[in-house]
Amino acid sequence: MRMKNNGQISIVLNSQKRNSVRDTLKPDSLPQTLPQEHVALKEIEEELGALVGMEEMKKMVKEIYAWIYVNKKREAMGLKAGKQALHMMFKGNPGTGKTTVARIIGKLFLKMNVLSKGHLIEAERADLVGEYIGHTAQKTRDLIKKSLGGILFIDEAYSLGRGGEKDFGKEAIDTLVKHMEDKQHEFILILAGYSKEMDHFLTLNPGLQSRFPLVFHFPDYSVDQLMEIGKRMLDEKQYVLSSDAERKIRDHLHSAKNSLSPMAFSNGRYVRNILEKSIRSQAMRLLLENCYSRNDLITIRSNDLIFTKGNSE
C-alpha cells in the first residue's frame, strides 16, 4: 500500500512478493479476537476467506472498517469526525475478482450504515452513453439515481474516453465527476479496467484523479492460485479431477499464461470456462459409456478436458 502525492491510497492485491508491502496494520499489534459488537466485520471476513489470494485487500477492508468504526466513536464523543468520500478505482485484467470484491464491499458498508441499501449496479459504456446531445447526461443521471444508497460499478470505464473530443463518452465522464462531488456520501462509484488504460482515462478530466482516494491493483493469479480456484469451483459442484486431468490443466495454464497477452487471459474466468465445458464433455462420455457409478459421476478425466480459444472469452 502506497500513499501517492495526490492523496490516493494505492493497494496491491494478490501480491506474490512477501515483505514488499508495508502493512499499516501490523499482525502482531492486532488483537486475535474481536469483541462481539464487530459481528459485521466477522461475517465479511468469512466471505473474504472464501477468496483465493488477495491478502492485502483483506487487510485493507479491515482498515476501512476500523476507520469508519472509530470515526463513529469520535462522533459520539463530540470529536471531529469528517466524512471521507469512498469512491474507488480497481485496476487489473479480466477475471481477477474485481466485481466480487465490489459486492463484498457493498455488503460491509450496508452493515456499517455507510450505505443505506448496499446494492451493486453493474454498468458499461452502453448503459451511460446516449445517441444524441443531452441523452448521455440523462442516462448517466438515471443510473446514478438507481445507485443511490449503494455502489455503481462501471467495468472497462476507460471505454468512455475512447471516442475523442466529439464522442458522447466525455459527457458521461463530466456528469459522473459532478455527481461524485454533489452526492459523494450518497453512493460509491467504482471504476474498473486494465491498469494502463485506466491511467490514461484519469487524464481525460482534471477532476477525476483527485476523487478516487482508494485505488486497488488486482494482479493476475499464479498457476497455483488458479488451480485452487478451479478445485473450489469443482468442490462446490461435487466434482473432482483425476490426477492426470489435474496435471493436464496445470500444464495448459502454464502454457496459456505464457502465450496469451495479459488482456486475453481471463484468470479465474478462464478456469471456470474450461471446467464448465469439461463437465458437459464428461456428461456426454458417461452417456455413451453408460457408466453411472458414484466415482464415474464425480470424476473429470483428462479426456474430458476441453481447451479452446473460447476459454478466454
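- Within the 4.5 Å cutoff, side-chain heavy atoms of R301 are placed close to those of D304.
- Under the 4.5 Å side-chain criterion, counting only non-hydrogen atoms from C-beta, F201 is in contact with L208.
- Counting non-hydrogen atoms of other residues, nucleotides and ligands closer than 6.0 Å to CD of E131 gives a total of 12 or fewer.
- The CD1 atom of I64 lies 11.5 Å from the CG atom of L41; values are rounded to the nearest 0.5 Å.
- Annotation: the span from Q209 atom CD to M198 atom CE amounts to 11.0 Å, rounded to 0.5 Å.
- Proximity of K42 to H38: side-chain heavy atoms (C-beta onward) are nowhere separated by under 4.5 Å.
- At most 12 heavy atoms of other shown residues, nucleotides or ligands fall within 6.0 angstrom of atom CD in Q238.
- Within a 6.0 Å sphere centred on NZ of K72, other residues, nucleotides and ligands contribute more than 12 heavy atoms.
- Using the six-membered ring where Trp is involved, Y69 and Y65 have ring planes that are parallel, under 30° apart on the 30 and 60° scheme.
- Between the side chains of E75 and N71, no donor-acceptor pair is found at a separation under 3.5 Å.
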Applying salt bridge (Lys or Arg N to Asp or Glu O under 4.0 Å) to D244 and K248, what does each step give before you reach the verdict? CA-CA 6 Å; D244 283 345; K248 190 173 179 180; over 6 Å; no
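- One distance of note links CG of L48 with CD of E43; it measures 12.0 Å at 0.5 Å rounding.
- In this structure, I104 and L51 have side chains that are in contact, with non-hydrogen atoms separated by less than 4.5 Å.
- At a threshold of 4.5 Å between non-hydrogen side-chain atoms, the residues D199 and K91 count as touching.
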Could you walk me through whether D127 and I121 pass the side chain to side chain contact (heavy atoms under 4.5 Å, CB included) check? CA-CA 11 Å; D127 299 309; I121 300 290; over 6 Å; no
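- Residues R103 and L120 approach most closely at CG-CD2, 3.4 Å, considering heavy atoms.
- No donor-acceptor distance shorter than 3.5 angstrom exists from the side chain of S255 to the backbone of D251, with no hydrogens or angles considered.
- With contacts defined as side-chain heavy-atom distances shorter than 4.5 Å, the pair K117/F109 does not qualify.
- Looking only at distances, no side-chain donor or acceptor of K98 sits under 3.5 Å from a matching main-chain atom of F90.
- Using the six-membered ring where Trp is involved, F307 and H252 have ring planes that are parallel, under 30° apart on the 30 and 60° scheme.
- Here the closest heavy-atom approach between residue L214 and residue M60 is recorded as CD2-CE, 3.9 Å.
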Side-chain polar contacts of residues 149-158 - donor-acceptor pairs under 3.5 angstrom, sequence neighbours left out - could you list them?
none

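- Applying the 6.0 Å contact sphere to NE2 of H200 captures no more than 12 heavy atoms from other residues, nucleotides or ligands.
- Closest heavy-atom contact between L115 and F187: CD2-CA, 4.3 Å.
- Between R285 and Q282, the side chains place no donor N or O within less than 3.5 Å of an acceptor N or O (distance only, hydrogens not considered).
- Formation of a donor-acceptor pair under 3.5 Å by the Q225 side chain with backbone atoms of S222 is found in this model.
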Step by step, would you call N267 with F218 a side chain to side chain contact (heavy atoms under 4.5 Å, CB included)? CA-CA 11 Å; N267 288 278; F218 290 71; over 6 Å; no
Working note: K170 + D174, criterion salt bridge (Lys or Arg N to Asp or Glu O under 4.0 Å); need CA distance, chi angles, decisive distance, verdict. CA-CA 6 Å; K170 188 175 183 301; D174 295 341; 3.5 Å; yes
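- When side chains are defined from C-beta on, L189 counts as touching F212, because their heavy atoms get closer than 4.5 Å.
- For the pair T175 and T136, the minimum side-chain heavy-atom distance is 4.5 Å or more.
- Ion pairing between K58 and E55 holds under the 4.0 Å rule for side-chain N and carboxylate O.
- A donor-acceptor pair under 3.5 Å is formed between the side chain of K139 and the backbone N or O of A126.
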Per-pair distances, 0.1 Å, donor-acceptor, side chain in residues 228-237, under 3.5 Å, sequence neighbours excluded:
from, atom 1, to, atom 2, distance (Å)
E228, OE2, R232, NE, 2.9
K231, NZ, E246, OE2, 2.9
R232, NH1, A50, O, 2.6

